[in-house]
Amino acid sequence: MAQRVTQSQLEMSVQEAETATLDCTYDTRESNYYLFWYKQTVSGQMIPIIRQEAYKQENATENRFSVNFQKAAKSLGLKISDSQLGDAAVYFCALQEHTMRQAPGRG
């Protein structure tokens, strides 16, 4: 399945305690999918931060992290409230399509 995820911001700088907002747009033909934001630490470790299901209208929230999910616009913003020094990292947006496939030999 063809899919595309784009992040327009190459880098950003915020002061501690400020709010940071990152943008992500995506394209998929599927109607059932998951969107993720990951944080890559300086050691290279990828840490999942938050997940948004496409079928949910309510924006996902996890501690200081929340998303602004706009399904029609195919965008998923990440908001980091009360920024802390430990938030300094590379952030990645990802899409996982969730398709149901019938097992071979079953009818």
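When a residue number appears, it is its place in the shown sequence, counting from 1. Keep in mind that this is a model prediction, so the values were computed, not measured.
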Test applied, side-chain contact (heavy atoms from CB on, under 4.5 Å); reference residue, Leu78; option that passes from Asp23, Leu35, Ile50: Ile50

CD (Glu30) and CD (Gln96) are apart, to the nearest 0.5 Å, by 11.5 Å

Can you confirm whether or not the ring centre of Phe92 sits under 6.0 Å from the ring centre of Phe36? no

State yes or no: do Met46 and Val90 share one hydrophobic cluster built from I, L, V, M, F, W and Y residues joined by side-chain heavy-atom distances below 4.5 Å, directly or via other members? yes

Out of curiosity, Met12 CE to Ile80 CD1, how far, rounded to the nearest 0.5 Å? 8.0 Å

Closest non-hydrogen atoms of Lys39 and Ile49, given as atom of the first, atom of the second and distance, are CB-CD1, 3.4 Å

For Cys24 versus Trp37, what's the shortest heavy-atom pair and its separation? CB-CZ2, 3.5 Å

Give the C-alpha distance, both sets of side-chain angles, the deciding distance and a yes or no for side chain to side chain contact (heavy atoms under 4.5 Å, CB included) between Val14 and Thr19. CA-CA 8 Å; Val14 296; Thr19 297; over 6 Å; no

Got a donor-acceptor contact below 3.5 angstrom from the Gln7 side chain to the Cys93 backbone? yes

Mark yes or no for whether Glu97, through its side chain, and Tyr34, through its backbone, hold a donor-acceptor pair below 3.5 Å. no

Side chains of Tyr55 and Tyr33: do they bring a donor and an acceptor to under 3.5 Å? no

Smallest heavy-atom separation, Val67 atom then Leu76 atom, equals CB-CD1, 3.7 Å

When every non-hydrogen atom of Lys56 is compared with those of Gln52, the smallest separation belongs to O-NE2, 3.4 Å

Could you list all the side chain to side chain donor-acceptor pair (under 3.5 Å) pairs where at least one residue sits in residues 57-72, not counting sequence neighbours? Arg64-Asp87, Asn68-Gln70

Taking all heavy atoms of Tyr26 and all of Ser75, pick out the closest pair and write down the distance. CE2-N, 3.5 Å

Side chains of Ser83 and Gln15: any donor to acceptor distance under 3.5 Å? no

Identify whether Tyr38 and Val5 are in the same connected component of the hydrophobic contact network (ILVMFWY, side-chain heavy atoms under 4.5 Å). no

Say you draw a straight line from CD of Glu11 to CG of Leu22; how long is it, rounded to the nearest 0.5 Å? 12.0 Å

With a 3.5 Å distance limit and no angle check, can you tell me whether Glu16 reaches the backbone of Gln84 through a side-chain donor-acceptor pair? no

Give me the atom names and distance for the closest heavy-atom approach of Thr21 to Gln9. O-NE2, 3.1 Å

